Amino acid sequence: MGAQKKGATRVSEDPDELARVPLQAILLADSFTTKFRPITLDRPKVLLPLVNVPMINYTLAWLESAGVEEVIVFCCAHSKQVINYLENSEWFSHPNFSVTTIESHNSISAGDALRLIYERNVIQGDFVLISGDTVSNMSLTQVLKEHKERKKKDSNAIMTMIIKRSKSSPIIQQSRLGTDELFMAIDPNTKQLLYYEDKADYSKGAICLDKLLLIDNPSISLHNDKQDCYIDICSLEVLSLFTDNFDYQHLRRHFVKGLLVDDIMGYKVFTHEIHSNYAARIDNFRSYDSISKDIIQRWTYPFVPDVKFFGNSATKLERQGMYRASDIVQSRSAEIGSFTVIGNGTRIGNNTKISNSVVGGGCTIGSNVSIEGSYIWDNVNIEDGCKLMHSIVCDGVVIKSGAVLEPGVVLSFKVIIGQQFVVPSYSKVSLFQQPTKQDSDEELEYADNSSGIVENSSMADTVDKSNGQLTSELLDEECGPTYELGPGGVGYIWSICEGSHEEEWRHSIAPIPADKLAEAMQNTDDDLELLTQDGSVLPPSGELKPDSNYSDDNEDPRDDSIYFEKEVEATFLRAVHENIKEDHVILEVNSLRLSYNKLFTDCAGAIFYSLMKLALEIPHSSPSELCNSTMDVITKWKKLLKSYLTDIDEQIEVIQKFEEICLESAKEFSPLFSKILFHLYDKDLIQEDAILKWDDEKKNADEADKVFVKQSEKFIQWLREAPEEDDGEEDEEE
């Protein structure tokens with residue numbers, strides 16, 4: 001779990017300066033993206049529930065805790081919904097924290113929004129720029145101080161971007177948030193941003209840097225291990241620049257990149273990296289899933305389900321990360337698994353199993369239902385015998401008996417799935433017909449009739465006429481009979497646009513299919529082989545200096561090893577809690593190995609550490625219980641560990657890692673060393689030759705380094721004296 005950190009304290013700066021200018025923030029309530037369609041045709045993205053709380057409440061609660069005094073919320077698409085929600089919430093009456101709205105029906109980009117805000121003359125000084133789909137618990141004190149001090153020394157230092165370390169998969173070139181691999185060049189001394197590219201051409205295996213960068217800067221750190229948190233500290237000049245340049249539409253692709261290549265004005269962008277705090281933006285369905293899991297696993301504390309903050313009703317935290325509201329009705333035979341949230345007033349029937357999922361309020365879930373890795377919003381009715389896998393189900397949906405949602409399905413508001421109907425993987429189902437024209441991801445999402453997006457007839461009109469109740473008579477009259485979703489089904493299955501199939505599985509909440517990972521890994525291996533032959537392999541993150549080859553002298557390899565071990569542990573824990581197959585885990589660990597430029601020995605050590613840590617966390621009251629638990633964990637995950645123990649050096653690495661664990665991080669294992677070592681041998685994970693070589697290497701070691709060799713002395717002696725089984729078999733054959 002994440003650090004148990006209370007809310008960030010309010011910013012304390014120069015008293016005179018604070019008296020003149022309160023700390024303000026611009027919150028963009030529009031996503032200017034189509035990635036959440038068809039859901040956002042009904043409701044603005046910022047009001048979609050994130051672990052049963054509207055997204056915008058996480059952003060506002062963080063801004064309030066971080067010392068922001070006034071928030072300007074910019075609304076365009078679904079503006080009435082956003083304004084009505086805020087006016088009826090606690091935010092409009094909160095003391096010392098002002099929330100005001102600006103409404104526009106003409107803005108189609110972030111650039112348009114900022115130009116309008118500049119015209120209104122409501123921003124008085126430095127401000128925080130953020131979108132309403134961002135979750136964070138970081139303090140703004142240090143980054144504000146750095147920004148102000150830089151601005152005093154250099155008037156061109158107008159923007160500071162918040163970044164965080166995050167390794168992307170080298171196989172699929174995207175982060176766990178589903179965002180593209182990001183390349184940055186940063187001055188390691190001043191932290192000035194010199195290069196930014198999130199749409200690299202991977203087919204070339206390289207990125208192009210202007211050689212003037214190396215001439216003008218003493219040293220450059222090139223990174224592909226950073227995540228853009230989309231939280232910016234800006235000076236007033238940022239707004240005026242948008243006004244002066246109508247070509248600036250997208251904040252990163254146009255504005256930031258425009259500043260980086262503009263030699264005339266000389267404006268500069270800097271970075272501030274956070275380490276122990278949390279910050280992430282919900283950009284697509286995969287990041288929705290990842291950030292939801294982070295909230296449930298408490299990385300976002302204090303913004304978690306069991307802590308009361310604005311816009312949520314606290315639920316009780318129980319064992320294994322399970323949260324349940326107090327007024328649910330649950331059958332005794334129903335099973336609620338780990339990392340699951342159940343909202344107010346929900347009823348759960350007999351023999352139903354729910355795990356790694358979020359269920360909203362007022363839901364009715366029948367008997368013999370299986371829900372895995374899914375997000376069920378409010379007032380959903382799931383009848384008996386249904387099966388849901390890694391799906392999103394919006395408010396008011398009805399899923400009739402025996403229906404199946406395959407991984408990646410999204411059911412928009414008030415859809416009805418017919419009896420026994422199987423909704424195919426990655427399907428999007430809506431009461432709206434699919435738009436005949438797909439907007440780019442920089443265009444505004446409108447759901448009203450004037451938008452031009454919904455050009456065909458819609459079942460949503462029928463829902464409105466019947467006060468939300470759909471009947472077969474109304475359907476026949478208004479829309480004609482519908483058989484696309486099975487008997488009694490209501491809604492349209494949107495077709496996947498040409499060329500968008502890959503984007504569907506990349507951005508879905510469903511785990512990436514093993515065949516896609518294997519295919520991508522094979523392509524990566526082929527590309528690396530070709531690039532190695534022509535010498536054009538892109539080096540990993542590190543420092544570049546003028547007239548020199550790549551160097552990573554400034555990078556501490558110990559830090560890299562720690563990050564690698566943590567990433568492997570996180571991957572393993574996801575496999576444990578989400579029942580991910582071992583073959584899939586192996587593919588993910590291999591991608592981390594490539595990303596961090598590690599060896600199979602590093603993988604073996606990291607996986608063994610993860611297994612031992614899991615075993616230690618299983619409740620035990622005696623060393624013998626701990627020993628049994630550890631043996632059970634090793635046996636269960638034998639295939640995963642064995643895949644990295646094909647060589648004697650890898651097996652010795654595991655033994656040495658076990659010694660390190662016993663001496664440092666988990667001394668409870670110390671008296672059990674020889675027993676667990678024998679278990680590893682008995683399960684054919686560590687061979688006799690590895691154990692004997694480890695013993696030989698300890699011959700001339702200090703006595704303090706021989707503790708576990710001596711503990712295993714009888715076992716080692718037995719290995720040396722035992723007859724070779726293979727020889728005996730050969731004698732019998734002769």
Side-chain angles (χ1 to χ4, degrees), residues 557-558 561-562 564-565 568-569 572 598-728:
R558 292 173 298 177
S561 296
I562 292 170
F564 172 72
E565 201 165 78
V568 171
E569 181 187 352
F572 173 69
K598 294 296 180 181
L599 303 173
F600 276 94
T601 52
D602 300 309
C603 296
I607 290 171
F608 182 74
Y609 172 82
S610 302
L611 294 177
M612 300 304 284
K613 190 171 180 181
L614 175 65
L616 187 63
E617 291 175 354
I618 296 174
H620 56 274
S621 58
S622 65
S624 61
E625 286 186 8
L626 175 60
C627 187
N628 291 335
S629 298
T630 305
M631 291 179 180
D632 290 343
V633 169
I634 291 171
T635 301
K636 180 177 180 179
W637 295 96
K638 172 184 172 181
K639 179 181 176 181
L640 173 62
L641 184 57
K642 191 176 180 64
S643 64
Y644 295 99
L645 295 178
T646 57
D647 186 86
I648 190 171
D649 291 334
E650 294 150 8
Q651 296 171 29
I652 293 174
E653 170 68 22
V654 164
I655 300 174
Q656 293 173 340
K657 190 70 176 180
F658 192 18
E659 287 184 288
E660 180 185 317
I661 292 170
C662 292
L663 292 172
E664 297 176 8
S665 59
K667 295 182 180 180
E668 296 94 328
F669 286 117
S670 295
L672 307 175
F673 185 93
S674 60
K675 291 182 179 179
I676 295 173
L677 180 64
F678 177 79
H679 184 72
L680 292 167
Y681 167 79
D682 188 52
K683 295 298 179 183
D684 291 326
L685 290 166
I686 294 180
Q687 302 302 314
E688 175 183 334
D689 290 344
I691 297 172
L692 296 181
K693 186 176 180 181
W694 167 68
D695 177 46
D696 291 337
E697 290 175 353
K698 294 285 187 177
K699 296 294 185 186
N700 298 320
D702 295 334
E703 289 300 313
D705 292 334
K706 296 181 179 180
V707 174
F708 299 111
V709 169
K710 289 184 176 180
Q711 188 186 128
S712 310
E713 194 170 13
K714 290 184 179 179
F715 172 42
I716 294 171
Q717 188 65 30
W718 176 79
L719 287 176
R720 292 192 183 278
E721 295 177 354
E724 293 288 343
E725 293 181 6
D726 291 344
D727 291 345

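Quick caveat, the model's predicted, so the values are computed rather than measured.
- Under the rule for a salt bridge (charged side-chain N to carboxylate O under 4.0 Å, His left out), Lys642 has no partner lying at least two apart in sequence or in another chain.
- Using cut-offs of 30° and 60° for the angle between ring planes, the Phe673 and Phe658 rings count as parallel.
- Using a 4.5 Å cut-off on side-chain heavy atoms (C-beta onward), Tyr644 and Val654 make no contact.
- Formation of a donor-acceptor pair under 3.5 Å by the Asn628 side chain with backbone atoms of Ser624 is found in this model.
- Residue Lys714 qualifies as open at atom NZ: its count of foreign heavy atoms under 6.0 Å is 12 or below.
- Taking the six-membered ring where tryptophan is involved, the planes of Tyr681 and Phe678 are tilted, since the angle between them lies from 30° to 60°.
- The closest side-chain heavy-atom distance from Ile618 to Val633 is below 4.5 Å.
- Exactly one of Ile686, Asp689, Ile655 qualifies for a side-chain contact (heavy atoms from CB on, under 4.5 Å) with Trp694. That residue is Ile655.
- For residues 647-656, every residue pair satisfying the side-chain hydrogen bond (donor to acceptor under 3.5 Å, both in side chains) rule, not counting sequence neighbours, is listed here: Thr646-Glu650.
- Atom NZ of Lys613 sits in a sparse spot, with 12 or fewer heavy atoms from other residues, nucleotides or ligands closer than 6.0 Å.
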side-chain contact (heavy atoms from CB on, under 4.5 Å) evaluation trace for His679 with Lys683 | CA-CA 6 Å; His679 184 72; Lys683 295 298 179 183; 3.5 Å; yes
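- Between Phe608 and Ile661, the closest side-chain pair of non-hydrogen atoms falls below 4.5 Å.
- Taking 4.5 Å as the limit, some side-chain heavy atom of Glu697 sits within range of a side-chain heavy atom of Lys693.
- Here the side chains of Gln687 and Ile648 are not in contact, with every heavy-atom distance at 4.5 Å or above.
- Under a cut-off of 6.0 angstrom, the local environment of CD in Glu713 is sparse, with at most 12 non-hydrogen atoms contributed by other residues, nucleotides or ligands.
- Atoms CG and CG, on Leu692 and Leu719 in that order, are 5.5 Å from each other to the nearest 0.5 Å.
- Here the side chains of Leu640 and Phe572 are in contact, with some heavy-atom distance below 4.5 Å.
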side-chain contact (heavy atoms from CB on, under 4.5 Å) evaluation trace for Gln711 with Leu677 | CA-CA 11 Å; Gln711 188 186 128; Leu677 180 64; over 6 Å; no
Verdict with reasoning, Leu616 to Phe669, per side-chain contact (heavy atoms from CB on, under 4.5 Å) = CA-CA 9 Å; Leu616 187 63; Phe669 286 117; 4.2 Å; yes
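- Looking at Asp602, its side chain does come within 3.5 Å of a backbone N or O of Leu599 through a donor-acceptor pair.
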Show the numbers, then the answer: is there a side-chain contact (heavy atoms from CB on, under 4.5 Å) between Lys675 and Thr630?
-> CA-CA 10 Å; Lys675 291 182 179 179; Thr630 305; over 6 Å; no
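- Contact between Lys698 and Val709 at its shortest, heavy atoms only, is CG-CG2, 3.5 Å.
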